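I have placed the structure first, in the form of structure tokens, so that the comments after it can refer back to it.
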Amino acid sequence: MHKDLREVLLSRPELEAGVKKLGERISADYAGRCVTLVGVLKGCVLFMSDLAKSVSVDTRMDFMMLSSYSGAHSTGVVRILLDLKESIEDCDVLIVEDIVDSGLTMEYMLQNLRTRRPRSLEVCTLLDKPSRRRAQVPIKYAGFTIEDKFVVGYGLDFNGLYRNLPYIGVLKPEAIEGKNICR
Ligand code: 5GP
């Protein structure tokens with residue numbers, strides 16, 4: 001376990017099993033169709049890469065990056081920093097997200113992507129943290145439901161760090177103070 005972590009919440013084998021299960025469900029639900037995976041950068045990278053390998057139907061991949069805001073001071077205003085490269089009109093779109101917390105980011109994504117007239121639009125999130133939900137968003141696929149803890153690893157960061165950890169854990173309080181980017 002990384003020295004800055006207090007506990008491992010989801011181990012590598014647990015993540016592998018959960019992602020494989022999601023992939024199997026998605027493959028069955030989209031049988032005979034092509035699914036466009038829309039990853040939300042940067043948190044989706046490890047999850048999306050493993051999920052895509054577990055999906056047996058044809059896929060396309062595209063990405064968006066949205067502005068982040070800190071939870072306590074959230075205004076609910078979300079901005080697109082990087083938009084999709086391709087049109088999703090008439091496509092079966094599956095949004096791939098690391099975590100749904102307040103739900104405000106996903107609410108914005110859904111509203112925005114709906115205007116582009118996809119054939120279908122669903123949400124797949126690795127983690128669901130329902131205790132702090134402010135917007136009720138329909139989540140079709142959720143890997144794990146977790147308590148209200150700030151987690152890092154497997155794509156999720158704190159100050160840009162810990163995304164590469166192959167498991168998900170909770171930081172020690174002392175690790176939260178004094179971490180500068182790339183130092
Ligand atoms: P929302 O509150 O809009 O549902 O979540 C927005 C974003 O906040 C997520 O995509 C994620 O990047 C970040 N976030 C929410 N909860 C956590 C957490 O426990 N750990 C980390 N690293 N990021 C989180």
Side-chain angles (χ1 to χ4, degrees), residues 1-12 14-15 18-19 22 37-51 61-84 93-114 121-182:
M1 175 171 75
H2 191 288
K3 64 175 173 38
D4 291 347
L5 292 193
R6 196 178 67 196
E7 60 173 310
V8 171
L9 207 63
L10 293 163
S11 68
R12 191 173 187 158
E14 285 172 323
L15 288 170
V19 173
L22 286 175
L37 304 175
V38 170
V40 187
L41 295 170
K42 300 176 187 171
C44 74
V45 282
L46 274 71
F47 174 44
M48 179 129 155
S49 125
D50 286 342
L51 182 71
M61 290 190 208
D62 211 338
F63 297 92
M64 285 180 86
M65 194 187 288
L66 303 171
S67 62
S68 55
Y69 49 82
S70 48
H73 304 105
S74 170
T75 55
V77 176
V78 181
R79 239 169 12 103
I80 296 178
L81 301 179
L82 176 79
D83 206 348
L84 298 178
V93 174
L94 182 59
I95 300 173
V96 179
E97 174 69 296
D98 53 356
I99 184 165
V100 177
D101 184 14
S102 71
L104 293 172
T105 306
M106 193 49 74
E107 183 181 52
Y108 175 85
M109 281 280 290
L110 286 166
Q111 277 171 2
N112 184 287
L113 295 187
R114 249 181 233 125
L121 182 62
E122 303 290 355
V123 175
C124 176
T125 183
L126 176 69
L127 304 177
D128 183 8
K129 209 198 270 184
S131 49
R132 305 204 319 155
R133 198 60 44 83
R134 289 169 61 190
Q136 292 313 314
V137 285
I139 298 175
K140 181 140 186 200
Y141 307 96
F144 304 89
T145 299
I146 63 164
E147 292 169 42
D148 185 12
K149 289 180 176 170
F150 186 82
V151 293
V152 296
Y154 200 62
L156 291 131
D157 76 311
F158 173 68
N159 268 358
L161 293 173
Y162 312 111
R163 290 194 200 275
N164 62 315
L165 300 181
Y167 45 80
I168 286 179
V170 182
L171 284 176
K172 289 179 184 163
E174 56 266 36
I176 293 173
E177 284 131 39
K179 273 281 176 193
N180 294 318
I181 292 168
C182 295

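Treat the numbers as computed from the prediction; the structure is a model and nothing was measured. Scope of the values below: all heavy atoms of this structure, side chains included, with no hydrogens, waters or symmetry mates. We count ligands from 1, going down the list as the structure has it; atoms in each ligand are counted the same way.
Within ligand 1, the atoms closer than 4.0 Å to a non-hydrogen atom of Val151 are 18 (C), 19 (O), 20 (N), 21 (C), 22 (N), numbered from 1 in the order shown. Heavy-atom contacts of Asp157 reach the following atoms of ligand 1: 21 (C), 22 (N) (cutoff under 4.0 Å). Counting atoms of ligand 1 from 1 in the listed order, those under 4.0 Å from a heavy atom of Ser102 are 1 (P), 2 (O), 3 (O), 4 (O). Residue-ligand proximity, Thr105 to ligand 1, at heavy-atom distances under 4.0 Å covers atoms 1 (P), 3 (O), 5 (O), 6 (C).
Using a 4.5 Å heavy-atom threshold, the side chains of Leu15 and Leu126 count as touching. Within the 4.5 Å cutoff, the side chain of Tyr162 has heavy atoms near those of the Leu171 side chain.
Partner of Met64 under the side-chain contact (heavy atoms from CB on, under 4.5 Å) criterion, chosen from Asp83, Val40, Leu82: Asp83.
In terms of polar-atom proximity, Phe158 is not counted as a contact of ligand 1, lacking any N or O under 3.5 Å from an N or O of the ligand.
Contact between Glu97 and ligand 1 is present, with at least one heavy atom of the residue lying under 4.0 Å from the ligand. Using 4.0 Å as the threshold, Gly103 has a heavy atom nearer than that to some atom of ligand 1.
Here atom 13 (C) of ligand 1 lies nearest to Ile99 when heavy atoms of Asp101, Ile99, Leu9 are compared.
Ring geometry for Tyr154 against Phe47 counts as tilted: the plane angle lies between 30° and 60°, on a 0 to 90° scale.
Lys140 places no side-chain N or O within 3.5 Å of a backbone atom of Leu121 that could act as its donor or acceptor partner. Listed for the Arg133 side chain is a donor-acceptor partner under 3.5 Å among the backbone atoms of Asp101. For the pair Ser11 (side chain) and Glu14 (backbone), a donor-acceptor distance under 3.5 Å is present.
Of the heavy atoms in Asp98, only side-chain atoms (C-beta onward) come closer than 4.0 Å to ligand 1. At a heavy-atom distance under 4.0 Å, only backbone atoms of Lys149 (N, CA, C or O) approach ligand 1.
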